[in-house]
Number of protein chains: 2
Amino acid sequence: MRLSTRTRYGIRAMLELAENVGRGPLQLRIIARRQDISVKYLDQLMTILKSAGFVRSIRGSKGGYVLARAPEQIKLNDVFNCLEGPVVTVECTENENYCARAADCVARQVWTQVQEAVMAVLQSITFQDLVDRTKNNKSPDYQI
Amino acid sequence: MRLSTRTRYGIRAMLELAENVGRGPLQLRIIARRQDISVKYLDQLMTILKSAGFVRSIRGSKGGYVLARAPEQIKLNDVFNCLEGPVVTVECTENENYCARAADCVARQVWTQVQEAVMAVLQSITFQDLVDRTKNNKSPDYQI
DNA sequence: TAATATACTACTAATATCGTAGGAATTGGG
DNA sequence: CCCAATTCCTACGATATTAGTAGTATATTA
């Protein structure tokens, strides 16, 4: 159960956009440099995020990317699902008919519990929350 | 973030052994048939579980496998870790020095939160719990 | 000694991941 | 109108992992 770089990079890129709200479009090049990600790879990730409706693009010179919605309206769970796929994919938790024993399968119950725990965390956090947390981390009050 | 069959099969095999406690060794062949897993593949999984100390093997005729500890003393988390590896592997959650920005990286905080949520679920369940749940599921009281 | 098990090692097909590469299309500014 | 900057699109490839299959060696019981 390891996270793909796709998801990790994608969420970090979204965070960059969230921090840039109100300052116009942000370029791939900039995001890639700040987050230490290959421009070309990030290019593909943004395509996914764009077609899922999380970001908007402005083409041409002075173009770039902006969030399609306000940061407080985008939950981590949404983006996670888009990039990583359904949380904890075990076929039988999604499709009751996948296995004949599903009804009294305790293993299935466990995976469902795990799944719900992960979703609960990711659903409770928006990109605005992450922006706020970043500010707190950078605040002088928190320096040692 | 999908579970490998390795983990799923392994946990189901362990559950079979937990249900068989006190009845002597259980053969690979039997477990494989009941759980619909390839005998040869299960063979390899049991090798892993054995070297991790979760099961003991009895070789030769009338041999098989038994749990190495009482079912109430084996948490799902232990077996999960053994088969699937660390929960939610993101290098930076395990190794603070992996990334220079780790200290104030909010993405890292998120993955830590997710990780802890999963571990909390898996740590709260033992194989004895699963045996009990199975009995409840099979009890006539629960039939419709 | 025969039958039944586990133990061990090697191989393989399929798939996914994590990119790299190259060029086409669009836009803003001089 | 032209050039530079930027997104858009498609194809390719190297690497690793997964989910097995296969064959043989070793141990134990009866």
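So you know, we letter chains A, B, ... as the sequences are listed, proteins then strands, and number each from 1.
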* Asked: Expressed in angstrom and rounded to an integer, what is the separation of Q35(A) atom CD from dC18(C) atom P?
  -> 16 Å
* Asked: Between atom OH of Y65(B) and atom CG of L42(B), what is the distance when rounded to the nearest 0.5 Å?
  -> 8.0 Å
* Between P of dT6(D) and CG of L26(A), the distance in whole Å -> 11 Å
* Structure fact -> Of dC8(C), dA25(C), dG20(D), the nucleotide closest to the side chain of R59(A) is dA25(C)
* Distance check: side-chain N/O of T5(A) vs OP1/OP2 of dT17(C), anything under 4.0 Å? -> no
* To do: Please determine, for the side chain of Y41(A), which listed nucleotide (dT20(C), dC9(D), dT4(C)) has the closest atom?
  => dT20(C)
* Asked: So which nucleotide from dT6(D), dG20(D), dG19(C) ends up closest to the side chain of Q27(A)?
  -> dT6(D)
* Asked: Within this structure, what is the NZ-to-P distance between K50(B) and dA5(C), rounded to whole angstrom?
  -> 17 Å
* To do: Examine the side chains of T134(B) and N137(B) and answer whether a donor and an acceptor come within less than 3.5 Å of each other.
  => no
* Asked: Do R2(A) and E91(B) meet the salt-bridge criterion of a basic N to acidic O distance under 4.0 Å?
  -> no
* Could you pick out which residue, T47(A) or G63(A), lies toward the 5' side of DNA chain D when each is mapped onto its nearest nucleotide? => G63(A)
* Specify the separation, in whole Å, of atom CD of E91(A) and atom C1' of dA19(D). => 13 Å
* Which is it for Y9(B) and T5(B) under the side chain to side chain contact (heavy atoms under 4.5 Å, CB included) test, yes or no, and what are the steps along the way? -> CA-CA 6 Å; Y9(B) 292 176; T5(B) 61; 3.7 Å; yes
* More than 12 non-hydrogen atoms from neighbouring residues, nucleotides or ligands closer than 6.0 Å to CZ on R56(B), yes or no? -> no
* Does the side chain of R2(B) get closer than 4.0 angstrom to OP1 or OP2 of dT15(C) through an N or O atom? -> no
* Asked: According to the Watson-Crick and G-U wobble definition with distances under 3.5 Å, which dot-bracket string, read 5' to 3', encodes DNA chain D, using [ ] for crossing pairs and | for pairs with another strand?
  -> ||||||||||||||||||||||||||||||
* Asked: Separation of I58(B) atom CD1 from dT26(D) atom P, in whole Å?
  -> 21 Å
* Ignoring backbone atoms, test whether R29(B) places a side-chain nitrogen or oxygen under 4.0 Å from the OP1 or OP2 oxygen of dT4(C). => no
* Asked: Between dT4(C), dA22(D), dC18(C), which nucleotide gets closest to the side-chain atoms of S61(B)?
  -> dT4(C)
* Once you round it to whole Å, what is the distance between C1' of dT7(D) and NZ of K62(A)? -> 16 Å
* To do: Mark yes or no for whether N81(A), through its side chain, and D78(A), through its backbone, hold a donor-acceptor pair below 3.5 Å.
  => no
* Hey, does the side chain of S38(A) come within less than 4.0 Å of dT20(C)'s phosphate (OP1/OP2), counting only N and O? -> yes
* **Position toward the 5' end of DNA chain C (nearest nucleotide), K40(A) or L3(A)** => L3(A)
* Asked: What is the distance, rounded to the nearest whole Å, between atom CD of Q44(A) and atom C1' of dA21(C)?
  -> 11 Å
* Asked: Are K135(A) and E19(A) close enough for a salt bridge, meaning some N to O gap below 4.0 Å?
  -> no
* Please check the phosphate of dT17(C) (OP1 and OP2 only) for any side-chain N or O of R6(A) closer than 4.0 Å. => yes
* Asked: Below 4.0 angstrom from OP1 or OP2 of dG19(C), is there any side-chain N or O of Y9(A)?
  -> yes
* Counting side-chain heavy atoms from CB outward, which of dA7(C), dT7(D), dT28(D) is closest to S57(A)? -> dT7(D)
* To do: Check the surroundings of atom CG in D36(B): do more than 12 heavy atoms from other residues, nucleotides or ligands lie under 6.0 Å from it?
  => no
* Asked: Atom CG of D43(B) and atom C1' of dA19(D): how far apart are they, to the nearest Å?
  -> 14 Å
